[in-house]
There are 2 protein chains.
Amino acid sequence: MTPEQLFTALTPSPHDRKPLYLQVGDRLRDIIASGALKRGDAMPPERELADRIGVSRVTIRKAFEELVGAGILSQKPGAGTFVSGQIEQPFSILQSFSEDMRARGYEPGSIWLDKHVTRTSPDEAMALGIAPTARVMRLKRIRTANGQPMAVETAVISAHYLDDPDSVGNSFYAVLRQRDLLPVRALQRIRSRLAFVHEAELLHLDTPSAILDIERRSFLPDGRVLEVTFSSYRADLYDFVAELRTAGIPE
Amino acid sequence: MTPEQLFTALTPSPHDRKPLYLQVGDRLRDIIASGALKRGDAMPPERELADRIGVSRVTIRKAFEELVGAGILSQKPGAGTFVSGQIEQPFSILQSFSEDMRARGYEPGSIWLDKHVTRTSPDEAMALGIAPTARVMRLKRIRTANGQPMAVETAVISAHYLDDPDSVGNSFYAVLRQRDLLPVRALQRIRSRLAFVHEAELLHLDTPSAILDIERRSFLPDGRVLEVTFSSYRADLYDFVAELRTAGIPE
DNA sequence: GAGTGGTCTAGACCACGTG
DNA sequence: ACGTGGTCTAGACCACTCC
């Protein structure tokens with residue numbers, strides 16, 4: 001791809017109401033994903049790129065920033081900006097079971113085991129950061145992929161946020177989205193252990209079998225805990241992919 | 001903490017050669033970690049803060065940016081910037097086994113099983129992105145915590161980067177650091193399974209026992225794969241904590 | 001020395017939430 | 001209506017690499 005073609009392709013549209021840095025960044029991401037720019041290729045200097053596509057250098061830097069963070073570009077002071085190559089998709093992205101399964105090419109499903117409002121347990125109160133006397137809604141179901149049992153999942157959410165069991169259909173997250181309760185980050189603790197007998201039955205497993213246990217706490221933008229989910233996955237069918245980064249500050 | 005005290009505490013030192021936005025960001029992080037600012041507290045408006053500590057608003061925004069990304073601050077357009085509260089430490093941070101164990105309060109150790117240069121296997125060649133005929137260095141050892149076996153780990157690195165087994169003492173990463181081979185990100189795949197018999201012996205486990213399998217590929221800044229490590233942890237002693245975020249782009 | 005990314009400034013306009 | 005964060009500009013200086 002010639003520099004001229006790159007300038008044309010990256011020039012933002014005045015009709016698009018998206019921020020300039022997002023337009024430029026998204027287009028560049030697409031170009032690299034398409035293979036038109038390969039690993040090791042040098043980007044034009046920030047100043048030249050800014051001039052040619054009619055934005056300021058600060059805007060270019062902000063557009064680059066996200067791609068550098070994602071490992072798609074790398075920058076070297078005094079040298080330049082270079083393409084690192086396509087990135088494999090599986091980020092550590094917070095997604096629902098349904099999204100996760102669809103991304104893996106399975107059709108997600110659920111079998112409800114329990115769905116009601118009740119008194120919280122001490123563990124749950126601690127994890128949710130609520131009073132031990134508070135009430136919570138507990139949602140327990142078998143999660144399936146292409147009809148095959150994949151995990152047993154128990155989600156617990158403070159009744160303060162959600163207190164109508166009937167409002168929850170197959171997608172817990174859809175209800176949360178409706179109510180503007182969108183988690184922005186989550187912590188997951190991942191363990192491995194042997195399956196209990198009743199789990200083995202629910203998941204159609206022999207004994208002994210290994211279980212991948214995932215405990216997730218998801219957080220609202222202001223830092224409060226929205227919900228806690230305990231999931232037990234069939235280890236023979238599921239793996240978990242995480243992306244790690246080096247601690248931000250050099251030295 | 002009064003606004004006046006905050007302004008004083010955040011005013012960067014002219015003698016410090018660190019970038020202003022890092023000085024401000026680090027100080028603010030410390031202040032919040034110390035508890036002087038609590039969850040829900042409002043930060044002064046960006047413009048006022050910039051004025052009072054003598055930097056530009058852009059610099060304040062860049063200082064805030066990192067803390068917002070870390071979930072320590074949250075920003076709402078039209079409303080303000082607020083403290084989200086202290087963050088639990090366990091980020092998804094790329095760290096060596098030794099760092100990981102020390103962070104958990106254990107004293108790390110190693111027992112070498114194998115350390116030599118050899119022909120690569122097809123799987124390894126694929127994972128490392130090198131020719132199937134290339135040579136690699138393979139490092140296999142038992143990892144211990146307080147003297148107790150914790151994991152069996154096999155690290156594989158292209159002989160192009162490292163080809164002297166004797167150069168590797170107890171810290172693989174220390175050697176890499178010496179040679180300026182610093183990974184910036186890594187992908188981990190985490191699985192659970194039953195222990196093999198020989199593993200159970202090495203790790204002092206009964207059979208059947210569960211194993212937490214972690215495969216890590218770490219990447220250099222330019223996107224090349226530096227090394228691949230296969231680790232099998234005792235599930236009864238180890239868990240893995242990951243942090244997830246929502247996909248960056250809204251909608 | 002020329003060119004690069006890294007940092008920083010002092011403005012500006014916008015969309016939006018809050019009082 | 002006002003103040004907030006979100007975006008954007010057109011400059012500037014620095015430290016570093018080598019196009």
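Treat the numbers as computed from the prediction; the structure is a model and nothing was measured. Each chain gets a letter, A, B and so on, in the order its sequence line appears, and its residues count up from 1.
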Quiz item: What does B/Ala79 touch in the nucleic acid at a heavy-atom separation under 4.0 angstrom: a base, only the sugar-phosphate, or nothing?
Solution: sugar-phosphate

Quiz prompt | Separation of atom NZ in B/Lys18 from atom C1' in C/dG6, rounded to whole Å | solution = 16 Å

Exercise. Quickly work out the B/Leu49 CG to D/dG3 C1' distance and round it to whole Å.
Key: 16 Å

Exercise. Send over the distance from A/Glu66 CD to D/dT7 P, rounded to a whole Å.
Key: 12 Å

Quiz item: OP1, OP2 of C/dC8 versus side-chain N and O of B/Tyr21: anything below 4.0 Å?
Solution: no

Practice problem: Between A/Gly78 and B/Gly80, name the one whose nearest nucleotide on DNA chain D is closer to the 5' end. | Solution: B/Gly80

Quiz prompt | Atom pair distance, as rounded to whole Å: CE in B/Met43 and C1' in D/dG5 | solution = 14 Å

Quiz item: If only side-chain N and O atoms of B/Lys76 are considered, is one of them under 4.0 Å from the OP1 or OP2 phosphate oxygen of D/dT4?
Solution: no

Practice problem: Report yes if a side-chain nitrogen or oxygen of A/Thr81 is closer than 4.0 Å to either non-bridging phosphate oxygen (OP1 or OP2) of C/dT4; otherwise report no. | Solution: no

Exercise. Grab the CG-P distance between B/Asp51 and D/dG3 for me, whole Å please.
Key: 14 Å

Quiz item: Has the side chain of B/Arg57 got a donor or acceptor atom sitting under 3.5 Å from an opposite partner on the base of C/dG11?
Solution: no

Quiz item: Between B/Glu48 and B/Val58, which has a closest nucleotide on DNA chain D that is more 5'?
Solution: B/Glu48

Quiz item: Per the side-chain contact (heavy atoms from CB on, under 4.5 Å) rule, which among B/Leu37, B/Ile60, B/Leu67 passes with B/Met43?
Solution: B/Leu37

Quiz item: Does a side-chain N or O from B/Thr59 land closer than 4.0 Å to OP1 or OP2 of C/dT9, or not?
Solution: yes

Exercise. For B/Arg47 and D/dC2, give me the distance from atom CZ to atom P, rounded to whole Å.
Key: 15 Å

Quiz item: Do any N or O atoms from the side chain of B/Gln23 and from the backbone of B/Lys18 form a donor-acceptor pair under 3.5 angstrom?
Solution: yes

Self-check item: Check against salt bridge (charged side-chain N to carboxylate O under 4.0 Å, His left out), B/Asp100 and B/Arg104
Solution: CA-CA 6 Å; B/Asp100 188 15; B/Arg104 292 164 188 255; 2.9 Å; yes

Self-check item: D/dT4 phosphate, OP1 or OP2, under 4.0 Å from B/Gln75 side-chain N/O
Solution: no

Practice problem: Compare the minimum distances between each of C/dT4, C/dT7, D/dG6 and the side chain of B/Lys62, then state the nucleotide with the smallest one. | Solution: C/dT7

Practice problem: From the options C/dT7, C/dT4, C/dT9, select the nucleotide whose nearest atom is closest to the side chain of B/Pro19. | Solution: C/dT7

Quiz item: Side-chain N or O of A/Arg61 less than 4.0 angstrom from OP1 or OP2 on C/dG6?
Solution: yes

Self-check item: Distance in angstrom units between B/Glu46 CD and D/dT7 P, rounded
Solution: 11 Å

Practice problem: Could you check which of C/dG5, D/dT7, C/dT9 has an atom nearest any side-chain atom of B/Leu20? | Solution: C/dT9

Exercise. Could you tell me whether the side chain of A/Arg27 and the main chain of A/Ala9 form a donor-acceptor pair under 3.5 Å?
Key: yes

Self-check item: Atom NZ of B/Lys115: over 12 foreign heavy atoms under 6.0 Å
Solution: yes

Quiz prompt | Interatomic distance where CZ belongs to B/Phe64 and C1' belongs to D/dT4 [whole Å] | solution = 12 Å

Quiz item: Would one find more than 12 heavy atoms of other residues, nucleotides or ligands at under 6.0 Å from atom CE of B/Met1?
Solution: yes

